[in-house]
Amino acid sequence: MVTWSPSSWREKPIKHVPDYPNLDHLKEVEKKIKSYPPLVFAGEARNLKNILAEASDGKAFLLQGGDCAESFLEHGPDTIMDTFKLFLQMSAVLTYAASVPVIKVGRIAGQFAKPRSSDTEVIDNKELMSYRGDIINGIEFNENSRTPDPERLLKSYRQSAATLNLIRSLSQGGYANLEHVHNWTLEFLNNSPVSEKYKDLANQISQTLGFMRACGITPQSSHALRTTDLYTSHEALLLGYEEVMARVDSTTGDWYATSAHMLWIGDRTRNPIEAHTEFCRGIKNPIGIKCGPSMTEDDLLKLLDILNPENEKGRIVLIARFGFDNVEKHLPRLIRCVKNHGHHVLWSCDPMHGNTVKASSGFKTRPFENIMMEVRNYMKVHKNEGTYPGGIHVEMTGNNVTECTGGAMSISDADLSSRYNTHCDPRLNANQALELAFLVAEEIRLAKNNI
Ligand code: PEP
Ligand code: CO
């Protein structure tokens, strides 16, 4: 195969690229970012790959989640803390109820660029460029805000660094100590049915910790009980940014993306001969590939050969996103194709992106029962195929939003307008995300008896 470099993607066809009016300005900003420190360290990406390899053997479970698109507007300590708390709660549920180690990977600290179904948007006969994420342009519908602005790359880099800094402090500084399992509850969850269920589980965890303490195992003596790891990930879409954040790891001499621990290729840009695949083949981080209904067996095999020629475990996460009524049609053929060719992959389920509908109120939403149904169908297919349903990938927030209909609090179409804050796709709120975690925990418990 021809030699790879961080810029070899520029020789390939590419989709979903913004049209910058001033390319010199863009070059200048990219040059500046190239001189900035990496956001993550290659050794951390290797650690993530090693535990993803464990998961592909059925010994751990991947929980990947966060905003569809992070925004400059929602950036603040509360948003980060609340997402972090939600991760801790969901993984407490999964770890305790399914007895499986949980690998936490946020769509956070870099998830800014968005592919769009249409290049332009028309409102009241005025046509402007579509919003492509805060790293590219602004969401406000006016000419100035919708024009791609390179300065936004710098702002995204700085926001990612600040977010990551808080995540690292919360992970390592004592907040994630399991003895605080009761404190992670988000305030607005109080009195919801799922919060009662969580309280019961937290009580059981406290009791277990009491037993362990009596045996001499305490958070003071055990690093694992008092800290956690939350890895970062985003879609590798804006390749100019990824190019300058790719660095050579001094320990191994290999290239790594240092914008996040894990990157994924979206469903719209995963063409084997195009630019996004080209960029990802040269970096050693774990790579996700979104698999929608149009993914052919042939393309999947090509992608696996290009992206993982050495068939390394932990390198590839296949993120199935078919829609609840399409999983049984498409997932079995892809699972069989991967299995028949002996490829090592970790399967994960994104029950969000195939279930987006337009509500009668005009909002883009996702009915919670369809999200739950996609997860159930995904689990069922893996059971039939004898494979491990290794993870889930969800769009969620610790804020009390009303973006997806349904769930225990029965959000209706009419409720959507009350707290519809997303900059892109509708997210699960904490209630819905926790409810999903309980379902998944039960399903993995059953699945573990199956493999
Ligand atoms: C996303 O994850 O926000 C996304 C755009 O997903 P997909 O590529 O699966 O459509
Ligand atoms: Co999305």
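We count ligands from 1, going down the list as the structure has it; atoms in each ligand are counted the same way.
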Check: Within the stated cut-off of 2.8 Å, is an N/O/S atom of C424 closer than that to the Co ion (ligand 2)?
Finding: no

Heavy atom of the protein closest to [atom] (residue, atom name, distance):
| atom | answer |
| --- | --- |
| atom 3 (O) of ligand 1 | K114 NZ, 2.7 Å |
| atom 8 (O) of ligand 1 | D267 N, 2.8 Å |
| atom 4 (C) of ligand 1 | H353 NE2, 3.3 Å |
| atom 9 (O) of ligand 1 | R321 NE, 2.7 Å |
| atom 6 (O) of ligand 1 | K290 NZ, 2.9 Å |

Check: Is E395 near ligand 1, meaning one of its heavy atoms is under 4.0 Å from it?
Finding: yes

Item checked: Over-ring placement of K197 relative to F438, 6.0 Å and 45° cut-offs -> yes

Note to self: Counting only heavy atoms closer than 4.0 Å, does ligand 1 sit against the backbone of R107, its side chain, both, or neither?
What the structure shows: side chain

Check ligand 1 against [X] and write out every atom of the ligand that is under 4.0 Å from a heavy-atom position of the residue.
| X | value |
| --- | --- |
| C68 | 3 (O) |
| R268 | 5 (C), 10 (O) |
| G266 | 8 (O) |

If I compare all heavy atoms of [X] with all of [Y], which pair ends up nearest, and what's the gap?
| X | Y | result |
| --- | --- | --- |
| M295 | L303 | CE-CD1, 3.7 Å |
| A60 | I103 | CB-CD1, 4.0 Å |
| P332 | E385 | CB-OE2, 3.7 Å |

Next item on the list: Answer yes or no: is there an ion pair linking K364 with D425, defined by an N-O contact shorter than 4.0 Å?
Entry: yes

Note to self: Checking the side chain of Y157 only, and the main-chain atoms of Y36 only, is there a donor and an acceptor separated by less than 3.5 Å?
What the structure shows: no

Note to self: For V244, is there any backbone N or O sitting under 3.5 Å from a side-chain donor or acceptor partner on R247?
What the structure shows: yes

Check: Of all the N, O or S atoms in D425, which one sits nearest to the Co ion (ligand 2)?
Finding: OD2

Note to self: Nearest N/O/S atom of E395 with respect to the Co ion (ligand 2), by atom name, please.
What the structure shows: OE2

Next item on the list: Check R366, K290, R107 against D350 for a salt bridge (Lys or Arg N to Asp or Glu O under 4.0 Å) and give me the one that passes.
Entry: K290

Check: So do the side chains of Q432 and N429 get within less than 4.5 Å of each other, counting heavy atoms only?
Finding: yes

Note to self: Using the Co ion (ligand 2) as the vertex, how large is the angle between SG of C68 and NE2 of H353, rounded to 10 degrees?
What the structure shows: 180°

